[in-house]
*Asks:* 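One structure coming up, written as structure tokens, with questions to follow.
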Amino acid sequence: MSSDKQVDRIAPTNPPRSYRGPRFQPLRRAVKLPVWGDLGIRLGLALFLIFIVIMVHWWDREGLVDNLDGEVSFLDVIYFTMISITTTGFGDIAPISDRARLVEAVIVTPIRFAVFFIFVGTAYNFIIKRSWEKWRMARIQEQLSDHIVVLGYGISGSEAVSELIERGTDPSCIVVIDPSEDRLSEAEALGCNVMAADATRDQTLKAVRIAEAQNVLVSAGRDDTTILITLTVRALAPNVPISAVVRADDNESLARQAGADNVINPVRFTGLLLAGSAKGEHIAEYLADLASVTGRVQLVEREITEEECGNAIGELRTGGRGLRVYREGRALGFWEDECQRLQPGDVVVEIVPTTNGETKGDGHAREDRKRRLED
């Protein structure tokens with residue numbers, strides 16, 4: 001693949017990347033530079049500035065005087081530079097010429113402030129800021145509940161997150177796990193909680209409180225990895241709904257046996273859309289409309305309300321069109337007699353109009369398109 005954005009994978013890379021062990025912070029923000037790399041750059045810059053001051057003092061050593069022996073050696077220059085940079089100033093070595101004092105005022109003093117701010121900034125970033133971030137992430141971890149965990153932020157995972165946000169899900173209630181920090185930076189920009197880790201590890205899933213999640217979406221890019229992740233999630237969270245993406249028909253049953261409640265095969269769905277388009281030009285368009293919240297109609301699954309008990313599937317209080325009822329593990333079509341009297345605990349799948357459908361009516365896009373073609 002030419003870029004990470006075209007890769008839908010959560011499997012460990014080759015060679016394997018190292019992730020934090022059981023003591024890692026459960027949630028983190030993607031960073032461009034490792035901690036020790038940042039520290040090295042800061043210290044390197046400070047040492048470079050100090051080296052410049054040493055060279056300036058050595059070049060202008062004739063303007064300095066040593067009150068002890070009257071001779072300024074290279075070791076004296078280093079000593080004077082360090083006490084000058086740190087503003088200690090014992091007075092045993094001092095600038096006496098006008099040029100030396102001008103150098104101190106114009107060159108050394110700005111460098112002194114620069115080095116000071118480098119050390120202060122380093123202390124803030126590595127002690128105060130990181131301690132605050134560690135505390136904040138710990139609080140977020142403790143409060144994680146009824147959240148959605150997305151395992152894999154490739155093509156399918158990123159589209160799922162975008163659609164969830166479009167449907168009104170708060171991004172702070174979404175946790176994204178993926179090995180690639182480049183992809184995680186995109187999820188972070190949307191406001192999601194992110195973690196760079198291997199989703200096949202128990203420690204990773206425990207860190208995001210998988211047992212307290214509302215839903216788990218698995219899109220690993222490889223069917224074997226998807227099934228392994230599904231097995232791990234189901235073992236840690238027996239009651240959490242799991243939706244998994246597989247690409248081979250033979251692996252659909254394996255994914256269900258692993259514990260997935262919903263198994264999506266994008267290859268098969270694409271084939272259904274293609275076959276439907278061969279029989280009618282609007283079937284594929286309508287199916288895509290049903291699947292997206294940005295269309296004029298939307299498929300909704302919900303448990304019926306107490307007021308709807310005893311009513312027929314065509315008399316839903318939402319005004320939607322009921323299509324199917326799930327009762328005690330059975331799927332009942334709207335034409336079957338059992339759907340003419342809803343019972344407590346029934347789950348109904350219905351079509352409801354979105355904002356566009358309510359304001360303009362279903363199918364208005366086709367009329368708009370015809371008008372544009374005529375114009």
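Starting from 1, each residue takes its place in the sequence as its number.
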*Asks:* Apart from V246 itself, what residues make up its hydrophobic cluster when side-chain heavy atoms of I, L, V, M, F, W and Y under 4.5 Å apart count as a link, directly or indirectly?
*Replies:* V263

*Asks:* Side-chain donor-acceptor contacts of residues 328-338 below 3.5 Å, not counting sequence neighbours, with atom names and distances?
*Replies:*
unit_1 : atom_1 : unit_2 : atom_2 : d
E336   : OE2    : G333   : N      : 2.8

*Asks:* Considering all heavy atoms of both residues, which atom of A187 and which atom of V176 are nearest to each other, and what is their separation?
*Replies:* CB-CG2, 4.1 Å

*Asks:* Within this structure, what is the CD1-CG distance for the pair I304 and L342, rounded to the nearest 0.5 Å?
*Replies:* 4.5 Å

*Asks:* According to a hydrophobic-cluster definition based on side-chain heavy atoms being under 4.5 Å apart (Ile, Leu, Val, Met, Phe, Trp, Tyr only), do V53 and F48 belong together?
*Replies:* yes

*Asks:* Looking at side-chain heavy atoms only, is the closest gap between E159 and S219 below 4.5 Å?
*Replies:* no

*Asks:* I need the M195 CE to D198 CG distance, nearest 0.5 Å.
*Replies:* 9.5 Å

*Asks:* With sequence neighbours left out, write down each residue that passes side-chain hydrogen bond (donor to acceptor under 3.5 Å, both in side chains) with D202, or none if nothing qualifies.
*Replies:* none

*Asks:* Measure the shortest side-chain to side-chain distance between I174 and L190 over non-hydrogen atoms and say whether it is less than 4.5 angstrom.
*Replies:* no

*Asks:* Any donor-acceptor pair under 3.5 Å linking the side chain of R234 with the backbone of V240?
*Replies:* yes

*Asks:* Is there a path of hydrophobic side-chain contacts, each under 4.5 Å between heavy atoms of I, L, V, M, F, W or Y residues, that connects M55 with I78?
*Replies:* yes

*Asks:* Within the structure provided, determine whether L299 and I351 are in side-chain contact (heavy-atom separation under 4.5 Å).
*Replies:* yes

*Asks:* Applying salt bridge (Lys or Arg N to Asp or Glu O under 4.0 Å), name anything that partners D224, two or more places apart in sequence or on another chain.
*Replies:* R222

*Asks:* Could you tell me which residues satisfy ring pair (Phe, Tyr, Trp, His ring centres under 6.0 Å) with F51, sequence neighbours excluded, listed by chain and number?
*Replies:* none

*Asks:* Do the side chains of L164 and I148 get nearer than 4.5 Å, heavy atoms only?
*Replies:* yes

*Asks:* Sorted by first residue and then second, give each salt bridge (charged side-chain N to carboxylate O under 4.0 Å, His left out) pair with at least one member in residues 309-326; sequence neighbours left out.
*Replies:* none

*Asks:* Compare all side-chain heavy atoms of N262 with those of P241 and state whether any distance is below 4.5 angstrom.
*Replies:* no

*Asks:* Drop me the distance from L205's CG to I210's CD1, to the nearest 0.5 angstrom.
*Replies:* 5.0 Å

*Asks:* Does one hydrophobic cluster hold both L228 and V216, with members joined at side-chain heavy-atom distances below 4.5 Å?
*Replies:* no

*Asks:* State, to 0.1 Å, how close T230 and A255 come at their nearest heavy-atom pair, and which atoms those are.
*Replies:* CG2-O, 4.1 Å

*Asks:* If every non-hydrogen atom of L217 is compared with every non-hydrogen atom of A160, which pair is closest and at what distance?
*Replies:* CD1-CB, 4.2 Å

*Asks:* Could you measure the distance from the CG atom of N311 to the CG atom of L316? Nearest 0.5 Å is fine.
*Replies:* 8.0 Å

*Asks:* Indicate if L323 and Y326 have the same hydrophobic cluster label, given that clusters are the connected sets of ILVMFWY residues with side-chain heavy-atom separations under 4.5 angstrom.
*Replies:* yes

*Asks:* Search all heavy atoms of A196 against all heavy atoms of P179 and return the closest pair with its distance.
*Replies:* CB-O, 4.3 Å

*Asks:* I need the minimum non-hydrogen distance between A248 and D223, along with the two atoms involved.
*Replies:* N-OD2, 3.0 Å

*Asks:* Taking side chain to side chain contact (heavy atoms under 4.5 Å, CB included) as the definition, give me every residue that meets it alongside Q343, ordered by chain and number, with sequence neighbours left out.
*Replies:* R327, D346

*Asks:* Can you give me the closest heavy-atom contact between N193 and S172, atom names plus distance?
*Replies:* ND2-O, 2.9 Å

*Asks:* Residues two or more places apart in sequence or in another chain: which of them pass side-chain hydrogen bond (donor to acceptor under 3.5 Å, both in side chains) with N215?
*Replies:* none

*Asks:* Start with the C-alpha distance between S180 and D178, add both sets of side-chain angles, then the distance that settles side-chain hydrogen bond (donor to acceptor under 3.5 Å, both in side chains), and finish with yes or no.
*Replies:* CA-CA 6 Å; S180 172; D178 192 282; 4.6 Å; no

*Asks:* Using a 3.5 Å distance criterion without hydrogens, assess whether the side chain of S158 forms a donor-acceptor pair with backbone atoms of G154.
*Replies:* yes

*Asks:* Taking atom CD1 of I227 and atom OG1 of T232, what is their separation to the nearest 0.5 Å?
*Replies:* 11.5 Å

*Asks:* Looking at residues at least two apart in the chain, or sitting in another chain, which of them share a side chain to side chain contact (heavy atoms under 4.5 Å, CB included) with E306?
*Replies:* none

*Asks:* Kindly write out the residues that satisfy salt bridge (Lys or Arg N to Asp or Glu O under 4.0 Å) with D146, not counting sequence neighbours, or none if the list is empty.
*Replies:* none

*Asks:* Can you sort out the partners of R302 under salt bridge (Lys or Arg N to Asp or Glu O under 4.0 Å), two or more places apart, ordered by chain and number?
*Replies:* E308, E350

*Asks:* Atom OG1 in T226, atom CD1 in I242: separation rounded to 0.5 Å?
*Replies:* 11.5 Å

*Asks:* Who passes salt bridge (Lys or Arg N to Asp or Glu O under 4.0 Å) against R256, sequence neighbours left out?
*Replies:* none

*Asks:* Of the options V149, I229, V245, which is the one that meets V218 in a side-chain contact (heavy atoms from CB on, under 4.5 Å)?
*Replies:* I229

*Asks:* Same cluster for F74 and I50 if Ile/Leu/Val/Met/Phe/Trp/Tyr side chains link at under 4.5 Å?
*Replies:* yes

